[in-house]
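Numbering of ligands and ligand atoms starts at 1, following listing order.
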Amino acid sequence: MIKINRPLAIPLRLSVEGAAADLQNRNDYDASPGSYTSLIIEFEILNKIYGHVSVKSALRAAQFNKCCFCEKDQVEEDGTVEHFRPKMGFREKRKEALVKPGYYWLGYTWTNLLFCCSKCNGARYKGNLFPLRAGSARARTHNDDLSLEDPYLIDPASIDPRAHIYFDDEMVKYRTDYGQETIHILGLDRTTLNDFRKALIQDLKSRIITIKAHRFCTPAQVAEAKQFLRDAQLPSAKFSAAAIDFIAKAGVALD
Ligand SMILES: [Zn+2]
C-alpha cells in the first residue's frame, strides 16, 4: 500500500451529474430524514455515474493500474471504483449488522473514490466495513462534521500508508493500530498476496545476488540487475512497498 495521488481535476461525469445527484440525495434526506433512518426509503447510488468509464480510467491511470490497497496490478482484471466511506451502509465490525443509511452524500464525491481490486473491496474483506477509533464521532448525515471521524482504515489518497504499514519479506507488518486494523479490514495478509509478494522477492533476490557477485558477472548483467531493482520500487510497480522494504534491507547500492 502506497500513497495515491488522485488528480485534482474531477471527471465531468462527477462534477456535473454526480454533484447534482449528491445534492439531490442531501435534499431528499432533509425533506424526510425519518423515512431514511427507518429504511422506508433507501438511497440509490448509481454505478453508471460513480463507476463511469471516465471516472474509472482516471483513477486507474493515477494508480498505475493497481489496486489502491494491495498493489496488485489490474491489467487483466476489471477492478472496481470503490467508496472509501461506504455509500449504502457501514459495519463497525465484520459480523455486525449493516447500519443504514451509509455515506449517501458521498456517493458521487471524487475525494471518496478509489480504484481497487475485487478481493480487497469484496464482502470477505473491506465490503462495508468502516470502523472508527473509539470515542470518535461518526457522521450519520451530511449535516454532521466528517472531520470528527477518526477511521481506522487508512485512506491512501490522504495519508501515506508507509508510516503505518511495512513489509518483512512478503509478510505485511504494522507500525500503528491504524496499520494493524487496515491489514485486518483489507486482508492484506491473505495467502494469495503473500504468494505474489514471495515470487516478487525471489526475483529481487536473484538480482541482488548478481549485484553482490559482480566480479563473476558481466557489466551488462549487473546493469540489468540494478535497473530491475530500481524499476521494482517505482509507484507503478506491483507490490512496490514490499520491494522497497526488501531492497533497503538487502543494502545494495544502485547508483
Ligand atoms: Zn486489492
Side-chain angles (χ1 to χ4, degrees), residues 1-7 47 50-51 53 55-88 90-91 94 102-103 106 110-131 151-176 178-201 203-204 232-246:
M1 200 170 170
I2 56 168
K3 180 85 169 56
I4 301 298
N5 293 311
R6 189 193 289 107
N47 181 271
Y50 73 78
V53 63
V55 178
K56 195 169 178 177
S57 59
L59 292 171
R60 195 187 256 278
Q63 295 176 202
F64 306 101
N65 240 327
K66 295 190 299 180
C67 171
C68 64
F69 296 128
C70 71
E71 284 200 87
K72 184 177 186 311
D73 77 61
Q74 297 294 294
V75 176
E76 290 170 7
E77 293 170 39
D78 241 4
T80 176
V81 174
E82 131 83 359
H83 291 78
F84 177 70
R85 284 181 162 81
K87 60 190 184 304
M88 294 302 289
F90 64 86
R91 291 176 217 277
R94 207 180 293 283
Y103 295 82
L106 301 173
W110 182 229
T111 50
N112 193 42
L113 301 179
L114 294 160
F115 177 67
C116 156
C117 78
S118 56
K119 281 277 188 297
C120 287
N121 195 31
R124 185 164 175 199
Y125 298 111
K126 180 171 181 287
N128 297 299
L129 198 54
F130 195 68
Y152 272 122
L153 181 65
I154 296 164
D155 178 359
S158 47
I159 296 168
D160 185 355
R162 304 276 290 140
H164 301 274
I165 290 172
Y166 69 100
F167 290 88
D168 182 14
D169 294 357
E170 74 273 20
M171 305 305 284
V172 63
K173 307 279 179 180
Y174 55 85
R175 298 183 204 281
T176 66
Y178 294 100
Q180 183 179 20
E181 286 295 318
T182 295
I183 291 168
H184 170 71
I185 293 165
L186 300 169
L188 295 180
D189 53 356
R190 58 188 185 257
T191 307
T192 47
L193 290 176
N194 290 344
D195 290 346
F196 284 132
R197 290 188 295 249
K198 200 170 185 176
L200 168 68
I201 280 163
D203 286 345
L204 299 174
Q233 298 179 80
L234 295 174
S236 53
K238 60 185 178 182
F239 310 115
S240 67
I244 290 167
D245 289 342
F246 184 76

Discussion item. Ring centres under 6.0 Å, that's the criterion: do H83 and Y50 meet it?
Written reply: yes
Worksheet item: Does K238 make a cation-pi contact with F196, if we ask for NZ or CZ under 6.0 Å from the ring centre and within 45° of the axis?
Response: no
Fill in: Close side-chain approach of T111 to F84, heavy-atom, < 4.5 Å
no
Worksheet item: Do F130 and Y103 have ring centroids that are under 6.0 Å from one another?
Response: yes
Worksheet item: So do S240 and I2 actually touch side chain to side chain, heavy atoms under 4.5 Å?
Response: yes
Item to complete: Output, by chain and residue number, all protein N/O/S atoms separated from the Zn ion (ligand 1) by less than 2.8 Å.
Response: C67 SG, C70 SG, C117 SG, C120 SG
Discussion item. Which residue is it: R197, K66, R162? I am looking for the one with a salt bridge (Lys or Arg N to Asp or Glu O under 4.0 Å) to E71.
Written reply: K66
